[in-house]
Asker: 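Sharing a structure, written as C-alpha coordinates. Questions coming.
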There are 2 protein chains.
Amino acid sequence: MDIGKYKSHDRLLVAVDCIIFGFDGDGLKALLIKRSLQPEKGKWSLMGGFVNQDESTDEAATRVLRQLTGIENIYMEQLYCFSDVNRDTAGRVISIAYFALINIADYNEQLQSEHEARWFPLDKIPTLVFDHKEMVATAKERLQSKVANHPIGFELLPEKFTLPQLQNLYEAIYESKLDKRNFTKKILSLSILNKLEEKEKASSKKGAFYYVFDKSKYRKLHREGVKFV
Amino acid sequence: MDIGKYKSHDRLLVAVDCIIFGFDGDGLKALLIKRSLQPEKGKWSLMGGFVNQDESTDEAATRVLRQLTGIENIYMEQLYCFSDVNRDTAGRVISIAYFALINIADYNEQLQSEHEARWFPLDKIPTLVFDHKEMVATAKERLQSKVANHPIGFELLPEKFTLPQLQNLYEAIYESKLDKRNFTKKILSLSILNKLEEKEKASSKKGAFYYVFDKSKYRKLHREGVKFV
DNA sequence: TCAAAAGTGTTATGAATACACCCATGT
DNA sequence: ACATGGGTGTATTCATAACACTTTTGA
(Lines give C-alpha, C1' and ligand atoms only; values in the text may rest on other atoms or scores of the structure.)
Protein backbone atom coordinates (compact mmCIF):
# COMPACT_ATOMS: atom_id res chain seq x y z
CA MET A 1 0.00 0.00 0.00
CA ASP A 2 1.31 3.35 -1.04
CA ILE A 3 0.52 5.68 1.81
CA GLY A 4 2.91 8.32 0.60
CA LYS A 5 0.31 10.43 -1.15
CA TYR A 6 -1.60 11.11 2.02
CA LYS A 7 1.42 11.73 4.17
CA SER A 8 0.94 15.39 4.82
CA HIS A 9 -2.46 15.08 6.42
CA ASP A 10 -3.31 14.97 10.09
CA ARG A 11 -3.86 11.62 11.72
CA LEU A 12 -6.37 11.36 14.50
CA LEU A 13 -7.08 9.03 17.32
CA VAL A 14 -10.30 7.20 16.56
CA ALA A 15 -12.30 5.59 19.33
CA VAL A 16 -15.46 3.55 19.54
CA ASP A 17 -17.98 3.84 22.35
CA CYS A 18 -20.79 1.38 22.89
CA ILE A 19 -24.18 2.13 24.37
CA ILE A 20 -25.52 -1.22 25.57
CA PHE A 21 -29.22 -1.24 26.26
CA GLY A 22 -30.57 -3.97 28.43
CA PHE A 23 -33.97 -5.02 29.68
CA ASP A 24 -34.85 -7.13 32.69
CA GLY A 25 -38.60 -6.85 32.67
CA ASP A 26 -38.51 -3.61 34.57
CA GLY A 27 -37.43 -0.58 32.59
CA LEU A 28 -34.66 -0.01 30.10
CA LYS A 29 -31.13 0.12 31.40
CA ALA A 30 -27.74 1.07 30.04
CA LEU A 31 -24.49 -0.67 30.83
CA LEU A 32 -21.68 1.49 32.19
CA ILE A 33 -18.19 0.87 33.52
CA LYS A 34 -15.70 2.79 35.55
CA ARG A 35 -13.22 4.32 33.19
CA SER A 36 -9.86 2.61 33.52
CA LEU A 37 -7.49 5.18 32.14
CA GLN A 38 -6.62 8.80 32.64
CA PRO A 39 -8.09 11.34 32.32
CA GLU A 40 -11.31 10.98 34.28
CA LYS A 41 -10.18 7.58 35.53
CA GLY A 42 -12.75 6.03 37.85
CA LYS A 43 -15.70 8.00 36.50
CA TRP A 44 -18.65 6.26 34.89
CA SER A 45 -18.31 5.82 31.18
CA LEU A 46 -19.55 3.91 28.18
CA MET A 47 -17.53 0.93 27.01
CA GLY A 48 -14.92 2.41 24.77
CA GLY A 49 -11.55 1.90 23.23
CA PHE A 50 -9.35 2.93 20.36
CA VAL A 51 -9.62 1.70 16.82
CA ASN A 52 -6.51 -0.06 15.58
CA GLN A 53 -4.91 0.41 12.22
CA ASP A 54 -5.95 -3.04 11.04
CA GLU A 55 -9.61 -3.18 12.03
CA SER A 56 -12.82 -1.52 10.96
CA THR A 57 -14.81 0.44 13.51
CA ASP A 58 -17.37 -2.38 13.55
CA GLU A 59 -14.61 -4.80 14.42
CA ALA A 60 -13.24 -2.44 17.02
CA ALA A 61 -16.62 -2.06 18.66
CA THR A 62 -17.07 -5.82 18.78
CA ARG A 63 -13.60 -6.32 20.19
CA VAL A 64 -13.90 -3.58 22.80
CA LEU A 65 -17.19 -4.93 23.99
CA ARG A 66 -15.81 -8.44 24.26
CA GLN A 67 -12.73 -7.29 26.12
CA LEU A 68 -14.59 -5.11 28.57
CA THR A 69 -17.61 -7.28 29.22
CA GLY A 70 -17.22 -10.69 27.64
CA ILE A 71 -20.33 -10.04 25.59
CA GLU A 72 -20.35 -11.47 22.07
CA ASN A 73 -22.72 -12.04 19.19
CA ILE A 74 -25.27 -9.41 20.02
CA TYR A 75 -27.26 -6.97 17.97
CA MET A 76 -25.13 -3.89 17.41
CA GLU A 77 -25.25 -1.07 14.93
CA GLN A 78 -23.37 2.11 14.27
CA LEU A 79 -24.99 5.15 15.80
CA TYR A 80 -23.11 8.33 14.97
CA CYS A 81 -19.67 9.87 14.79
CA PHE A 82 -18.96 12.35 17.57
CA SER A 83 -16.11 14.61 16.65
CA ASP A 84 -16.15 17.90 18.52
CA VAL A 85 -12.59 19.10 18.77
CA ASN A 86 -12.74 19.30 22.54
CA ARG A 87 -14.97 16.36 23.29
CA ASP A 88 -12.12 14.45 24.95
CA THR A 89 -10.35 16.61 27.48
CA ALA A 90 -7.04 14.84 27.00
CA GLY A 91 -6.63 15.27 23.29
CA ARG A 92 -8.20 15.13 19.89
CA VAL A 93 -10.18 11.94 19.63
CA ILE A 94 -13.14 11.32 17.42
CA SER A 95 -15.50 8.60 18.49
CA ILE A 96 -17.79 6.37 16.52
CA ALA A 97 -20.64 5.42 18.79
CA TYR A 98 -22.42 2.08 18.53
CA PHE A 99 -25.53 0.90 20.22
CA ALA A 100 -26.41 -2.63 21.15
CA LEU A 101 -29.32 -4.50 22.69
CA ILE A 102 -29.20 -7.41 25.07
CA ASN A 103 -31.28 -9.33 27.53
CA ILE A 104 -29.81 -8.51 30.92
CA ALA A 105 -30.48 -11.92 32.43
CA ASP A 106 -28.31 -13.59 29.78
CA TYR A 107 -25.21 -11.74 30.87
CA ASN A 108 -25.69 -10.48 34.35
CA GLU A 109 -23.42 -12.73 36.35
CA GLN A 110 -20.33 -12.40 34.23
CA LEU A 111 -20.79 -8.65 34.08
CA GLN A 112 -21.08 -8.23 37.80
CA SER A 113 -18.31 -10.61 38.72
CA GLU A 114 -15.60 -10.49 36.09
CA HIS A 115 -15.98 -6.91 35.01
CA GLU A 116 -16.70 -3.72 36.81
CA ALA A 117 -19.79 -3.06 34.78
CA ARG A 118 -23.18 -1.99 36.09
CA TRP A 119 -26.65 -1.45 34.74
CA PHE A 120 -28.28 1.93 35.25
CA PRO A 121 -31.93 2.74 34.60
CA LEU A 122 -32.06 5.30 31.82
CA ASP A 123 -33.53 7.92 34.10
CA LYS A 124 -30.78 7.39 36.65
CA ILE A 125 -27.66 7.57 34.56
CA PRO A 126 -24.88 9.11 36.63
CA THR A 127 -22.60 11.85 35.38
CA LEU A 128 -20.60 10.45 32.51
CA VAL A 129 -17.23 11.37 31.09
CA PHE A 130 -16.83 13.60 28.04
CA ASP A 131 -19.85 13.65 25.72
CA HIS A 132 -21.13 10.22 26.71
CA LYS A 133 -24.35 11.65 28.04
CA GLU A 134 -25.12 13.02 24.60
CA MET A 135 -24.29 9.65 23.10
CA VAL A 136 -26.77 7.91 25.38
CA ALA A 137 -29.45 10.44 24.49
CA THR A 138 -28.82 9.98 20.78
CA ALA A 139 -28.89 6.22 21.16
CA LYS A 140 -32.19 6.35 22.99
CA GLU A 141 -33.75 8.39 20.21
CA ARG A 142 -32.40 6.01 17.63
CA LEU A 143 -33.72 3.02 19.53
CA GLN A 144 -37.16 4.55 19.69
CA SER A 145 -37.33 5.37 16.02
CA LYS A 146 -35.76 2.11 14.95
CA VAL A 147 -37.98 -0.08 17.04
CA ALA A 148 -41.04 1.47 15.43
CA ASN A 149 -40.19 -0.11 12.10
CA HIS A 150 -37.96 -3.03 12.88
CA PRO A 151 -38.46 -5.93 15.23
CA ILE A 152 -35.17 -5.36 17.01
CA GLY A 153 -36.92 -5.04 20.33
CA PHE A 154 -36.83 -8.81 20.64
CA GLU A 155 -33.07 -8.70 21.07
CA LEU A 156 -33.73 -7.39 24.54
CA LEU A 157 -35.80 -10.35 25.65
CA PRO A 158 -35.01 -13.94 26.56
CA GLU A 159 -35.80 -16.57 23.98
CA LYS A 160 -39.09 -17.42 25.65
CA PHE A 161 -41.13 -14.46 26.73
CA THR A 162 -44.73 -13.61 27.54
CA LEU A 163 -46.89 -11.00 25.88
CA PRO A 164 -47.00 -8.91 29.07
CA GLN A 165 -43.19 -8.95 29.14
CA LEU A 166 -43.04 -7.85 25.52
CA GLN A 167 -45.50 -5.09 26.19
CA ASN A 168 -43.48 -3.96 29.22
CA LEU A 169 -40.47 -3.72 26.97
CA TYR A 170 -42.22 -1.52 24.43
CA GLU A 171 -43.63 0.61 27.20
CA ALA A 172 -40.13 1.01 28.59
CA ILE A 173 -38.71 2.00 25.22
CA TYR A 174 -41.47 4.49 24.49
CA GLU A 175 -41.85 5.60 28.06
CA SER A 176 -45.60 5.39 27.82
CA LYS A 177 -48.44 2.97 28.47
CA LEU A 178 -49.94 0.88 25.71
CA ASP A 179 -53.35 -0.72 25.56
CA LYS A 180 -53.11 -4.43 26.29
CA ARG A 181 -55.72 -5.52 23.77
CA ASN A 182 -54.45 -3.35 20.96
CA PHE A 183 -50.90 -4.40 21.61
CA THR A 184 -51.72 -8.10 21.57
CA LYS A 185 -53.76 -7.74 18.41
CA LYS A 186 -51.04 -5.88 16.59
CA ILE A 187 -48.19 -8.16 17.56
CA LEU A 188 -50.05 -11.36 16.86
CA SER A 189 -51.24 -10.04 13.51
CA LEU A 190 -47.63 -9.92 12.36
CA SER A 191 -47.54 -13.68 12.92
CA ILE A 192 -43.93 -13.79 13.89
CA LEU A 193 -44.68 -15.35 17.27
CA ASN A 194 -45.34 -18.97 18.13
CA LYS A 195 -47.26 -19.69 21.28
CA LEU A 196 -45.92 -22.40 23.57
CA GLU A 197 -47.90 -24.69 25.85
CA GLU A 198 -45.79 -23.60 28.76
CA LYS A 199 -46.70 -20.78 31.12
CA GLU A 200 -44.63 -18.33 33.04
CA LYS A 201 -45.97 -18.49 36.59
CA ALA A 202 -43.58 -16.34 38.55
CA SER A 203 -45.25 -13.01 38.06
CA SER A 204 -48.91 -13.93 38.32
CA LYS A 205 -51.18 -16.59 39.73
CA LYS A 206 -52.88 -17.30 36.47
CA GLY A 207 -49.64 -17.50 34.55
CA ALA A 208 -48.91 -16.11 31.10
CA PHE A 209 -48.17 -18.20 28.03
CA TYR A 210 -44.67 -18.13 26.68
CA TYR A 211 -44.02 -17.20 23.08
CA VAL A 212 -40.99 -17.59 20.83
CA PHE A 213 -40.22 -15.98 17.49
CA ASP A 214 -40.87 -17.66 14.26
CA LYS A 215 -37.28 -17.24 13.15
CA SER A 216 -37.89 -17.21 9.42
CA LYS A 217 -40.70 -14.64 9.44
CA TYR A 218 -38.83 -12.69 12.06
CA ARG A 219 -35.78 -12.37 9.86
CA LYS A 220 -37.89 -11.37 6.93
CA LEU A 221 -39.39 -8.50 8.89
CA HIS A 222 -35.99 -7.65 10.28
CA ARG A 223 -34.70 -7.16 6.77
CA GLU A 224 -37.62 -5.40 5.23
CA GLY A 225 -38.68 -3.21 8.08
CA VAL A 226 -42.35 -3.17 8.86
CA LYS A 227 -44.60 -0.77 10.62
CA PHE A 228 -44.25 -2.09 14.13
CA VAL A 229 -45.92 -1.10 17.36
CA MET B 1 -3.96 19.35 26.38
CA ASP B 2 -2.20 16.33 27.73
CA ILE B 3 -2.12 13.88 24.87
CA GLY B 4 0.51 11.74 26.51
CA LYS B 5 -1.89 9.18 27.92
CA TYR B 6 -3.14 8.13 24.52
CA LYS B 7 0.25 8.10 22.87
CA SER B 8 0.56 4.42 22.25
CA HIS B 9 -2.56 4.10 20.13
CA ASP B 10 -2.82 4.09 16.37
CA ARG B 11 -3.68 7.30 14.63
CA LEU B 12 -5.74 7.15 11.48
CA LEU B 13 -6.40 9.35 8.53
CA VAL B 14 -9.98 10.55 8.75
CA ALA B 15 -11.77 11.81 5.68
CA VAL B 16 -15.17 13.26 4.95
CA ASP B 17 -17.12 12.57 1.77
CA CYS B 18 -20.21 14.49 0.76
CA ILE B 19 -23.12 13.17 -1.22
CA ILE B 20 -24.83 16.25 -2.65
CA PHE B 21 -28.32 15.61 -3.92
CA GLY B 22 -29.80 18.10 -6.29
CA PHE B 23 -33.09 18.53 -8.06
CA ASP B 24 -33.86 20.48 -11.19
CA GLY B 25 -37.46 19.53 -11.77
CA ASP B 26 -36.47 16.40 -13.59
CA GLY B 27 -35.18 13.59 -11.43
CA LEU B 28 -32.77 13.48 -8.54
CA LYS B 29 -29.12 14.02 -9.28
CA ALA B 30 -25.86 13.66 -7.38
CA LEU B 31 -22.90 15.97 -7.68
CA LEU B 32 -19.56 14.37 -8.55
CA ILE B 33 -16.09 15.63 -9.33
CA LYS B 34 -13.01 14.23 -10.91
CA ARG B 35 -10.69 13.15 -8.17
CA SER B 36 -7.68 15.43 -7.97
CA LEU B 37 -5.13 13.30 -6.21
CA GLN B 38 -3.55 9.89 -6.53
CA PRO B 39 -4.57 7.14 -6.41
CA GLU B 40 -7.45 6.97 -8.85
CA LYS B 41 -6.78 10.53 -9.96
CA GLY B 42 -9.18 11.61 -12.67
CA LYS B 43 -11.90 9.13 -11.78
CA TRP B 44 -15.32 10.29 -10.67
CA SER B 45 -15.66 10.72 -6.97
CA LEU B 46 -17.69 12.31 -4.24
CA MET B 47 -16.47 15.59 -2.80
CA GLY B 48 -14.02 14.56 -0.14
CA GLY B 49 -11.08 15.65 1.89
CA PHE B 50 -9.21 14.99 5.09
CA VAL B 51 -10.27 16.09 8.53
CA ASN B 52 -7.76 18.37 10.22
CA GLN B 53 -6.65 18.14 13.81
CA ASP B 54 -8.47 21.33 14.75
CA GLU B 55 -11.89 20.82 13.20
CA SER B 56 -14.88 18.59 13.77
CA THR B 57 -16.05 16.34 10.96
CA ASP B 58 -19.04 18.65 10.48
CA GLU B 59 -16.67 21.54 10.02
CA ALA B 60 -14.49 19.52 7.70
CA ALA B 61 -17.45 18.56 5.54
CA THR B 62 -18.55 22.17 5.32
CA ARG B 63 -15.05 23.32 4.46
CA VAL B 64 -14.43 20.61 1.88
CA LEU B 65 -17.69 21.36 0.16
CA ARG B 66 -16.94 25.07 0.07
CA GLN B 67 -13.43 24.54 -1.25
CA LEU B 68 -14.45 22.10 -3.95
CA THR B 69 -17.68 23.70 -5.09
CA GLY B 70 -18.16 27.09 -3.51
CA ILE B 71 -21.39 25.85 -1.97
CA GLU B 72 -22.23 27.19 1.48
CA ASN B 73 -25.09 27.27 3.95
CA ILE B 74 -26.96 24.24 2.79
CA TYR B 75 -28.77 21.46 4.54
CA MET B 76 -26.24 18.80 5.45
CA GLU B 77 -26.24 15.95 7.91
CA GLN B 78 -23.95 13.16 8.89
CA LEU B 79 -24.73 9.90 7.16
CA TYR B 80 -22.45 7.10 8.29
CA CYS B 81 -18.87 6.21 9.05
CA PHE B 82 -17.29 3.92 6.45
CA SER B 83 -14.26 2.22 7.85
CA ASP B 84 -13.41 -1.00 6.04
CA VAL B 85 -9.70 -1.52 6.37
CA ASN B 86 -9.22 -1.70 2.63
CA ARG B 87 -11.79 0.81 1.50
CA ASP B 88 -9.11 3.24 0.28
CA THR B 89 -6.60 1.47 -1.91
CA ALA B 90 -3.80 3.80 -0.92
CA GLY B 91 -3.89 3.37 2.80
CA ARG B 92 -5.98 3.18 5.91
CA VAL B 93 -8.52 5.96 5.81
CA ILE B 94 -11.86 6.00 7.52
CA SER B 95 -14.46 8.26 6.04
CA ILE B 96 -17.40 10.01 7.60
CA ALA B 97 -19.98 10.47 4.87
CA TYR B 98 -22.35 13.44 4.82
CA PHE B 99 -25.32 14.07 2.65
CA ALA B 100 -26.66 17.40 1.54
CA LEU B 101 -29.58 18.75 -0.44
CA ILE B 102 -29.63 21.67 -2.80
CA ASN B 103 -31.60 23.21 -5.59
CA ILE B 104 -29.51 22.73 -8.68
CA ALA B 105 -30.54 25.98 -10.33
CA ASP B 106 -29.15 27.98 -7.39
CA TYR B 107 -25.62 26.75 -7.97
CA ASN B 108 -25.31 25.48 -11.45
CA GLU B 109 -23.19 28.11 -13.12
CA GLN B 110 -20.48 28.33 -10.54
CA LEU B 111 -20.24 24.57 -10.40
CA GLN B 112 -19.85 24.14 -14.12
CA SER B 113 -17.45 27.02 -14.61
CA GLU B 114 -15.21 27.34 -11.59
CA HIS B 115 -15.11 23.72 -10.52
CA GLU B 116 -14.94 20.50 -12.38
CA ALA B 117 -18.13 19.24 -10.86
CA ARG B 118 -21.03 17.62 -12.67
CA TRP B 119 -24.52 16.43 -11.88
CA PHE B 120 -25.42 12.82 -12.62
CA PRO B 121 -28.91 11.35 -12.53
CA LEU B 122 -29.02 8.76 -9.77
CA ASP B 123 -29.61 5.95 -12.23
CA LYS B 124 -26.64 7.01 -14.32
CA ILE B 125 -23.90 7.36 -11.77
CA PRO B 126 -20.59 6.39 -13.36
CA THR B 127 -18.08 4.08 -11.73
CA LEU B 128 -16.84 5.76 -8.59
CA VAL B 129 -13.64 5.43 -6.62
CA PHE B 130 -13.33 3.27 -3.52
CA ASP B 131 -16.62 2.64 -1.72
CA HIS B 132 -18.32 5.79 -2.95
CA LYS B 133 -20.98 3.82 -4.76
CA GLU B 134 -22.02 2.29 -1.47
CA MET B 135 -22.06 5.73 0.10
CA VAL B 136 -24.42 7.02 -2.56
CA ALA B 137 -26.72 4.04 -2.08
CA THR B 138 -26.76 4.55 1.67
CA ALA B 139 -27.45 8.24 1.24
CA LYS B 140 -30.34 7.54 -1.08
CA GLU B 141 -31.92 5.20 1.44
CA ARG B 142 -31.45 7.75 4.16
CA LEU B 143 -32.98 10.48 2.05
CA GLN B 144 -36.03 8.34 1.35
CA SER B 145 -36.62 7.43 4.96
CA LYS B 146 -35.84 10.90 6.23
CA VAL B 147 -38.07 12.72 3.81
CA ALA B 148 -41.00 10.56 4.89
CA ASN B 149 -41.00 12.17 8.32
CA HIS B 150 -39.26 15.47 7.90
CA PRO B 151 -39.92 18.25 5.45
CA ILE B 152 -36.32 18.40 4.30
CA GLY B 153 -37.39 17.83 0.73
CA PHE B 154 -37.98 21.55 0.41
CA GLU B 155 -34.25 22.14 0.57
CA LEU B 156 -34.10 20.80 -2.94
CA LEU B 157 -36.49 23.35 -4.40
CA PRO B 158 -36.26 27.05 -5.16
CA GLU B 159 -37.93 29.42 -2.77
CA LYS B 160 -41.01 29.71 -4.95
CA PHE B 161 -42.28 26.44 -6.32
CA THR B 162 -45.47 24.94 -7.67
CA LEU B 163 -47.32 21.94 -6.37
CA PRO B 164 -46.55 19.92 -9.51
CA GLN B 165 -42.86 20.68 -8.98
CA LEU B 166 -43.06 19.55 -5.37
CA GLN B 167 -44.83 16.39 -6.43
CA ASN B 168 -42.19 15.72 -9.07
CA LEU B 169 -39.57 15.99 -6.38
CA TYR B 170 -41.26 13.45 -4.15
CA GLU B 171 -41.79 11.16 -7.09
CA ALA B 172 -38.11 11.45 -7.91
CA ILE B 173 -37.07 10.65 -4.35
CA TYR B 174 -39.41 7.71 -4.04
CA GLU B 175 -38.98 6.61 -7.63
CA SER B 176 -42.70 6.11 -8.00
CA LYS B 177 -45.80 7.97 -9.10
CA LEU B 178 -48.08 9.67 -6.63
CA ASP B 179 -51.70 10.60 -7.05
CA LYS B 180 -52.05 14.31 -7.74
CA ARG B 181 -55.20 14.83 -5.71
CA ASN B 182 -54.02 12.87 -2.70
CA PHE B 183 -50.68 14.58 -2.77
CA THR B 184 -52.18 18.05 -2.91
CA LYS B 185 -54.60 17.27 -0.14
CA LYS B 186 -51.92 15.90 2.14
CA ILE B 187 -49.41 18.68 1.61
CA LEU B 188 -51.93 21.47 1.98
CA SER B 189 -53.38 19.86 5.10
CA LEU B 190 -50.04 20.39 6.82
CA SER B 191 -50.55 24.10 6.25
CA ILE B 192 -46.93 24.92 5.89
CA LEU B 193 -47.39 26.40 2.43
CA ASN B 194 -48.57 29.84 1.48
CA LYS B 195 -50.08 30.28 -1.95
CA LEU B 196 -48.94 33.26 -4.02
CA GLU B 197 -50.92 35.20 -6.59
CA GLU B 198 -48.21 34.59 -9.13
CA LYS B 199 -48.18 31.71 -11.57
CA GLU B 200 -45.38 29.73 -13.11
CA LYS B 201 -46.13 29.75 -16.83
CA ALA B 202 -43.08 28.09 -18.36
CA SER B 203 -44.13 24.50 -18.10
CA SER B 204 -47.81 24.71 -18.96
CA LYS B 205 -50.30 26.90 -20.77
CA LYS B 206 -52.63 27.20 -17.86
CA GLY B 207 -49.87 27.98 -15.42
CA ALA B 208 -49.45 26.70 -11.88
CA PHE B 209 -49.61 28.81 -8.76
CA TYR B 210 -46.42 29.38 -6.85
CA TYR B 211 -46.19 28.50 -3.21
CA VAL B 212 -43.67 29.37 -0.50
CA PHE B 213 -43.15 27.84 2.91
CA ASP B 214 -44.60 29.30 5.99
CA LYS B 215 -41.22 29.49 7.66
CA SER B 216 -42.40 29.31 11.24
CA LYS B 217 -44.66 26.29 10.81
CA TYR B 218 -42.08 24.74 8.59
CA ARG B 219 -39.42 24.94 11.28
CA LYS B 220 -41.80 23.53 13.82
CA LEU B 221 -42.41 20.48 11.68
CA HIS B 222 -38.73 20.25 10.89
CA ARG B 223 -37.98 19.95 14.58
CA GLU B 224 -40.76 17.67 15.60
CA GLY B 225 -40.81 15.38 12.64
CA VAL B 226 -44.22 14.68 11.20
CA LYS B 227 -45.62 11.96 9.08
CA PHE B 228 -45.00 13.43 5.67
CA VAL B 229 -45.90 12.19 2.22
C1' DT C 1 -60.13 23.98 -31.68
C1' DC C 2 -57.24 21.19 -29.56
C1' DA C 3 -53.44 19.62 -26.90
C1' DA C 4 -51.29 19.82 -22.39
C1' DA C 5 -50.94 20.43 -17.83
C1' DA C 6 -53.54 22.36 -13.59
C1' DG C 7 -56.96 21.91 -10.43
C1' DT C 8 -60.48 19.77 -7.71
C1' DG C 9 -64.13 15.85 -4.27
C1' DT C 10 -66.03 11.58 -3.06
C1' DT C 11 -66.01 6.92 -1.79
C1' DA C 12 -63.91 2.79 0.05
C1' DT C 13 -60.69 0.48 2.70
C1' DG C 14 -57.79 -0.52 6.38
C1' DA C 15 -55.25 0.90 10.53
C1' DA C 16 -55.15 2.89 14.99
C1' DT C 17 -57.69 3.91 19.02
C1' DA C 18 -60.81 3.68 22.84
C1' DC C 19 -62.98 0.99 25.90
C1' DA C 20 -64.65 -3.18 30.14
C1' DC C 21 -65.43 -7.52 31.54
C1' DC C 22 -64.41 -12.46 32.61
C1' DC C 23 -60.73 -16.03 33.69
C1' DA C 24 -57.48 -18.76 36.37
C1' DT C 25 -55.14 -19.50 40.38
C1' DG C 26 -52.34 -18.99 44.72
C1' DT C 27 -53.05 -17.30 49.15
C1' DA D 1 -63.40 -15.79 48.93
C1' DC D 2 -60.72 -12.63 47.07
C1' DA D 3 -56.91 -10.29 45.11
C1' DT D 4 -53.82 -10.32 41.18
C1' DG D 5 -52.53 -10.20 36.75
C1' DG D 6 -53.93 -12.65 32.10
C1' DG D 7 -56.77 -12.87 28.40
C1' DT D 8 -60.26 -11.43 25.05
C1' DG D 9 -63.96 -8.34 21.11
C1' DT D 10 -66.35 -4.43 19.26
C1' DA D 11 -67.34 0.16 17.77
C1' DT D 12 -65.35 4.54 16.29
C1' DT D 13 -62.27 7.50 14.25
C1' DC D 14 -58.90 8.73 11.15
C1' DA D 15 -55.59 8.28 7.55
C1' DT D 16 -54.66 6.36 3.19
C1' DA D 17 -55.82 4.90 -1.42
C1' DA D 18 -58.48 4.66 -5.53
C1' DC D 19 -60.57 7.02 -8.93
C1' DA D 20 -62.23 11.06 -13.58
C1' DC D 21 -63.68 15.10 -15.09
C1' DT D 22 -63.41 20.27 -15.85
C1' DT D 23 -60.51 24.45 -16.49
C1' DT D 24 -57.24 27.39 -18.71
C1' DT D 25 -54.73 29.02 -22.42
C1' DG D 26 -50.91 29.08 -25.91
C1' DA D 27 -50.15 27.32 -30.24
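All values reported here derive from a predicted model rather than from experimental measurement. Convention: sequence-line order gives letters A, B, ...; per-chain numbering from 1.
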Asker: Taking side-chain hydrogen bond (donor to acceptor under 3.5 Å, both in side chains) as the test, write out the residues that go with Q67(B), two or more places apart.
Answerer: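 Testing Q67(B) for side-chain hydrogen bond (donor to acceptor under 3.5 Å, both in side chains), a comparison that skips the adjacent residues, returns R63(B).
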Asker: Could I get the full list of side-chain hydrogen bond (donor to acceptor under 3.5 Å, both in side chains) partners for E141(B), not counting sequence neighbours?
Answerer: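 Not a single residue meets the side-chain hydrogen bond (donor to acceptor under 3.5 Å, both in side chains) criterion with E141(B).
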Asker: List for me each residue that meets side-chain contact (heavy atoms from CB on, under 4.5 Å) alongside K34(B), sequence neighbours excluded, and say none if there are none.
Answerer: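 side-chain contact (heavy atoms from CB on, under 4.5 Å) check on K34(B) returns W44(B), E116(B).
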Asker: Got a sec, which pairs hit ring-ring contact (aromatic ring centres under 6.0 Å, His included) with one end in residues 179-206 of chain A, sequence neighbours left out?
Answerer: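 Passing the test, one end in residues 179-206 of chain A: Y170(A)-F183(A).
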Asker: Can you name the residues that form a side-chain hydrogen bond (donor to acceptor under 3.5 Å, both in side chains) with D106(A), not counting sequence neighbours?
Answerer: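 Listed in chain order: N103(A).
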Asker: In terms of relative ring orientation, are F213(B) and F161(B) parallel, tilted or perpendicular, with 30° and 60° separating the classes?
Answerer: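 Plane angle between 30° and 60°, so tilted.
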Asker: Using a 4.0 Å cut-off to any heavy atom of chain A, which nucleotides of DNA chain C are the first and last in contact, reading 5' to 3'?
Answerer: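 For DNA chain C, the relevant span reads dA16(C) to dG26(C).
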Asker: Could you tell me which non-hydrogen atom of L32(A) sits nearest to which non-hydrogen atom of F120(A), and how far apart they are?
Answerer: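 In this case the closest contact between L32(A) and F120(A) is CD1-CD1, 3.4 Å.
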Asker: With heavy atoms of chain A within less than 4.0 Å as the criterion, where does contact along DNA chain D begin and end?
Answerer: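 Answer, 5' to 3': dT4(D) to dT10(D).
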Asker: Say whether T57(A) and Y98(A), considering side chains only, have a donor N or O and an acceptor N or O under 3.5 Å apart.
Answerer: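 The answer is yes; a qualifying pair exists.
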Asker: What parts of residues 174-181 of chain A reach DNA chain D, counting only heavy atoms under 4.0 Å away?
Answerer: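 Here the set is K180(A), R181(A).
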Asker: Please give me every residue in residues 191-203 of chain A whose heavy atoms get under 4.0 Å of an atom in DNA chain C, ordered by residue number.
Answerer: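 Those residues whose heavy atoms fall under 4.0 Å from DNA chain C, taken from residues 191-203 of chain A in numerical order, are K201(A).
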Asker: Any pair with a residue in residues 71-80 of chain A that passes side chain to side chain donor-acceptor pair (under 3.5 Å), sequence neighbours left out, goes on the list, sorted by first then second residue, please.
Answerer: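 Every pair satisfying side chain to side chain donor-acceptor pair (under 3.5 Å) with a residue in residues 71-80 of chain A: R66(A)-E72(A), Y75(A)-E77(A), E77(A)-K146(A).
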Asker: For N168(B), check side-chain hydrogen bond (donor to acceptor under 3.5 Å, both in side chains) against everything at least two apart and list the hits.
Answerer: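 In terms of side-chain hydrogen bond (donor to acceptor under 3.5 Å, both in side chains), with neighbours along the sequence ignored, N168(B) is linked to no residue.
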Asker: Give one of base, sugar-phosphate or nothing for K185(B), where a contact means two heavy atoms less than 4.0 Å apart.
Answerer: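 Base, at least one base atom sits under 4.0 Å.
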Asker: Just to verify, what does K43(A) make a salt bridge (charged side-chain N to carboxylate O under 4.0 Å, His left out) with, not counting sequence neighbours?
Answerer: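 So K43(A) forms a salt bridge (charged side-chain N to carboxylate O under 4.0 Å, His left out) with E40(A).
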Asker: Quick check: closest heavy atoms across A117(B) and L31(B), and the distance to 0.1 Å?
Answerer: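 Heavy-atom minimum between the residues: CB-CD1, 3.8 Å.
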